[in-house]
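Inspection log for the structure reproduced underneath, given as structure tokens.
Every value quoted in this text rests on a predicted model; they were computed, and no experiment measured them. Throughout, residue positions are numbered sequentially from 1 according to the sequence presented.
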Amino acid sequence: MSTSPTLPKSRQQSILAVLMVCSLLIWLDNTVLSTALETLADPVRGLDAGPAELQWATGSYTLAFATLMFTAGALGDRFGHRTVLVAGLVVFAGSSIWAAYAGDAGQLIAARAAMGVGSALIMPGNLAILMWTFTGPARSTAIAISSTSAGVGMAAGPVLAGFLLDHFWWGSVFLVNVPVVIVALIGITVLVPNFRSPVPRPLDGAGMLLSITGLAALAYGLIRAGQVAAWGRTDVWAPIAVGIVLLIAFVLVELRIKVPSFDPRLLAQRTFGGGNVALGLLLFAVTAVTFYNAFYLQGARGYSPMEAGLASLPTAVGATLGAPVGARLVRRWPLRLVSAPALVVAALTMGAYGFFGLDTPLVWIEILVLVQGLTVGMVLGPVTAALISSLPLERAGAGSAVTNTVRQTGSVIGIAVGGTIMSIVYRRAIEPSLDGVPGSVRDRAQVSAEQARHVATETHRPALAHAADDAFIHAMHVGAVWIMLIALGAAAVLVFSLRTGPSEKRAQKHEKPDPVNQPSYDADNVSSR
């Protein structure tokens with residue numbers, strides 16, 4: 001990597017390592033929760049959480065993450081990105097302890113929302129510090145390297161969660177975040193200057209309120225549809241309509257602000273806007289298929305948490321390898337020729353879940369998820385690096401806020417829509433098997449396959465458990481088709497947005513230091529330690 005004009009190369013590399021630990025924390029937590037979903041649904045070992053509560057346990061985190069990131073970026077510009085990053089880590093650690101000792105699903109949902117607040121404070125500062133630390137071609141390389149922390153978190157999370165769930169209570173999967181936070185705080189305090197933008201963005205209370213209420217209403221309506229198995233009810237379509245109106249109002253408000261915290265104008269640029277839409281759709285698909293996979297392995301297939309974690313390991317290995325492979329390939333070929341075919345293959349692997357059954361050989365599943373992780377990694381790393389590098393340095397905070405907000409919004413909607421499709425199709429598929437079943441048993445069996453299996457065991461109805469497995473597999477097959485179509489749509493958007501991708505010469509032009517808008521940071525933290 002080329003050396004920064006301000007910091008020595010050794011310190012640049014140390015800062016990158018610390019930032020990767022912060023990013024690892026977020027990815028570790030996401031994958032840990034996906035492994036714990038089946039346990040949380042258990043009325044004995046977990047919290048007896050229903051499908052909607054599990055969707056909210058994931059969605060509340062992502063909702064807070066998505067809607068507060070642009071505000072966190074503005075706070076970083078004003079008070080320094082290190083200050084906000086440290087605050088985010090402290091909030092994340094405290095809310096992780098809260099989640100670990102939650103007494104019911106409602107408390108867990110609230111704690112997860114608080115964890116989302118911490119993540120929202122962490123992520124923009126993380127990327128902004130990276131942008132200030134590296135210059136020239138080293139910046140794109142650093143972004144690509146940093147993205148490998150996603151693969152490490154995806155690899156370690158399921159296995160670690162499986163071990164903890166097999167040996168301890170479910171809350172231990174959240175306590176594991178605390179030591180990681182401590183390591184990150186030590187590294188940040190010692191190494192990272194308090195970078196801040198020379199042109200601080202004003203705080204945007206109206207935008208924050210509109211985005212939070214809009215996304216929350218939209219997600220509520222979508223999840224509610226899965227609970228009642230109908231779209232025509234007022235308590236389904238009304239929240240969805242209100243959410244859409246509020247989000248439109250949010251965009252209009254941001255367009256009227258001279259220096260918005262979330263700048264929709266950036267999305268008007270074909271490459272940056274189209275690329276972000278593609279990544280948002282990809283995260284939609286990845287989040288939904290991960291949600292399905294957790295219940296498929298532990299519920300339908302009966303794997304223990306540890307076995308399910310090990311079965312998910314190839315996905316993480318593929319993602320870890322995919323980011324650097326993609327970064328190398330885009331040095332030889334245009335980004336479009338690398339990322340678009342990779343995204344198409346990823347979409348097809350998601351659609352292949354439509355062929356999974358109760359007796360599908362594990363080796364085929366492992367090969368498929370390995371390819372899926374590899375291709376997703378080849379898209380996320382290089383495309384993210386290209387999008388952020390296409391912006392001038394002074395827009396780094398705004399650009400990272402937009403990029404991360406769009407991606408997390410895709411995840412919020414992916415959980416809501418993916419879970420709702422599963423709930424509706426499952427309920428319709430199991431209804432023929434409930435003829436003659438007592439009302440109390442019928443009600444529980446219709447909630448989810450997990451509830452059906454438990455009530456089948458309690459009432460000695462093995463046929464009901466088999467029917468629940470079959471209904472779940474059918475629901476997963478239907479959901480897989482929708483997920484594949486969304487991912488293919490992402491590939492089409494990516495091809496359109498990158499069809500005349502920025503030349504290397506133009507990218508380098510954006511990388512030139514601006515003598516007016518040089519980074520500002522605390523002088524006492526500049527010296528090499």
Taking the side chain as every heavy atom from C-beta outward, state whether [X] and [Y] have any atom pair closer than 4.5 Å.
X: Val192; Y: Leu85; result: no
X: Gln372; Y: Val289; result: yes
X: Val180; Y: Phe92; result: no
X: Phe472; Y: Val425; result: no
X: Gln298; Y: Thr39; result: yes
X: Trp482; Y: Val417; result: no
X: Leu279; Y: Val406; result: no
X: Met306; Y: Leu165; result: no

Looking at every heavy atom in both [X] and [Y], which two are closest together, and how far apart are they?
X: Ile122; Y: Gly88; value: CG1-C, 3.8 Å
X: Ala36; Y: Val173; value: CB-CG2, 4.4 Å
X: Ala288; Y: Gly414; value: CB-O, 3.6 Å
X: Tyr353; Y: His477; value: O-CD2, 3.3 Å
X: Val369; Y: Ala311; value: CG2-O, 4.2 Å
X: Leu281; Y: Ile486; value: O-CG2, 3.6 Å

Test your reading of the model: is there a side-chain donor-acceptor pair from [X] to the backbone of [Y], 3.5 Å cut-off?
X: Arg453; Y: Ala465; value: no
X: Thr375; Y: Val371; value: yes
X: His167; Y: Phe163; value: yes
X: Ser95; Y: Trp98; value: no
X: Arg112; Y: Tyr61; value: no
X: Gln107; Y: Gly103; value: yes
X: Ser433; Y: Ala467; value: no
X: Tyr426; Y: Met476; value: no

Contacts table for residues 14-22: side-chain donor-acceptor under 3.5 angstrom, sequence neighbours left out:
{"residue": "Ser14", "atom": "OG", "partner": "Ser10", "partner atom": "O", "Å": "3.0"}

| Once you round to the nearest 0.5 Å, how far does CE of Met350 lie from CG of Asn293? |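 With rounding to 0.5 Å, CE (Met350) is 11.0 Å from CG (Asn293).
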| said: Would you compute the distance between atom CG of Leu191 and atom CD1 of Ile186 and round it to the nearest 0.5 angstrom? | reply: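 Nearest 0.5 Å value for the CG-CD1 distance: 11.0 Å.
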| said: Can you list everything that forms a side-chain contact (heavy atoms from CB on, under 4.5 Å) with Thr360? Sequence neighbours excluded, please. | reply: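 Only Tyr296, Arg301, Phe356, Ile365 meet the side-chain contact (heavy atoms from CB on, under 4.5 Å) criterion with Thr360.
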| task | Tell me whether the centres of the aromatic rings in Tyr101 and Trp169 are closer together than 6.0 Å. | result |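 Centroid distance Tyr101-Trp169: below 6.0 Å, so yes.
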| said: Strictly by salt bridge (charged side-chain N to carboxylate O under 4.0 Å, His left out), give each pair with a member in residues 410-419 just once, sequence neighbours left out. | reply: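 Matches after skipping sequence neighbours: none remain.
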